[in-house]
Amino acid sequence: MRRIFLALLCLTLLSPAVFAKGRTRVKSYRKRNGTRVESHQRTKPNKLKSDNWSSKGNVNPNTGRRGSKKY
């Protein structure tokens, strides 16, 4: 019973690190036209388009919305 509890505790503590692995935080900023963009999270930049949250087959973990873009 103690092993199960410790295993669950480890999974609970490690899971945020696993899910945050592919994310990066974008600080808020102002566009040239004066529009303010609030801080948000996005996938880490890379050369692939198929692993973005907006791509078909993926789900945005923050909003739960399914991706719909085809690449």
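No hydrogens, no waters, no symmetry mates; every other heavy atom, side chains included, goes into these values.
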Quiz item: side chain to side chain donor-acceptor pair (under 3.5 Å) between Ser28 and Arg36: does it pass, once the steps are laid out?
Solution: CA-CA 7 Å; Ser28 59; Arg36 179 177 168 82; 3.3 Å; yes
Quiz item: Between Arg42 and Thr24, does a side chain to side chain contact (heavy atoms under 4.5 Å, CB included) hold up when you go through it step by step?
Solution: CA-CA 6 Å; Arg42 64 180 170 102; Thr24 187; 3.7 Å; yes
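The side-chain hydrogen bond (donor to acceptor under 3.5 Å, both in side chains) check on Ser39 picks up Arg25, with sequence neighbours excluded. Partners of Arg32 by salt bridge (Lys or Arg N to Asp or Glu O under 4.0 Å), not counting sequence neighbours: none found.
By the 4.5 Å side-chain criterion applied to Ile, Leu, Val, Met, Phe, Trp and Tyr, Tyr29 is assigned to a cluster that also includes Val26, Val37.
Atom-to-atom distance recorded for Ser55:OG and Lys69:NZ is 8.0 Å, nearest 0.5 angstrom. Here the straight-line distance linking atom CG of Asn58 with atom CZ of Arg66 works out to 10.0 Å at 0.5 Å rounding.
Looking at Arg30 and Thr35, their side chains never bring a donor and an acceptor atom within 3.5 Å of each other.
Using a 4.5 Å heavy-atom cutoff, the side chains of Lys56 and Ser68 are not in contact. Within the 4.5 Å cutoff, the side chain of Arg23 has heavy atoms near those of the Pro61 side chain.
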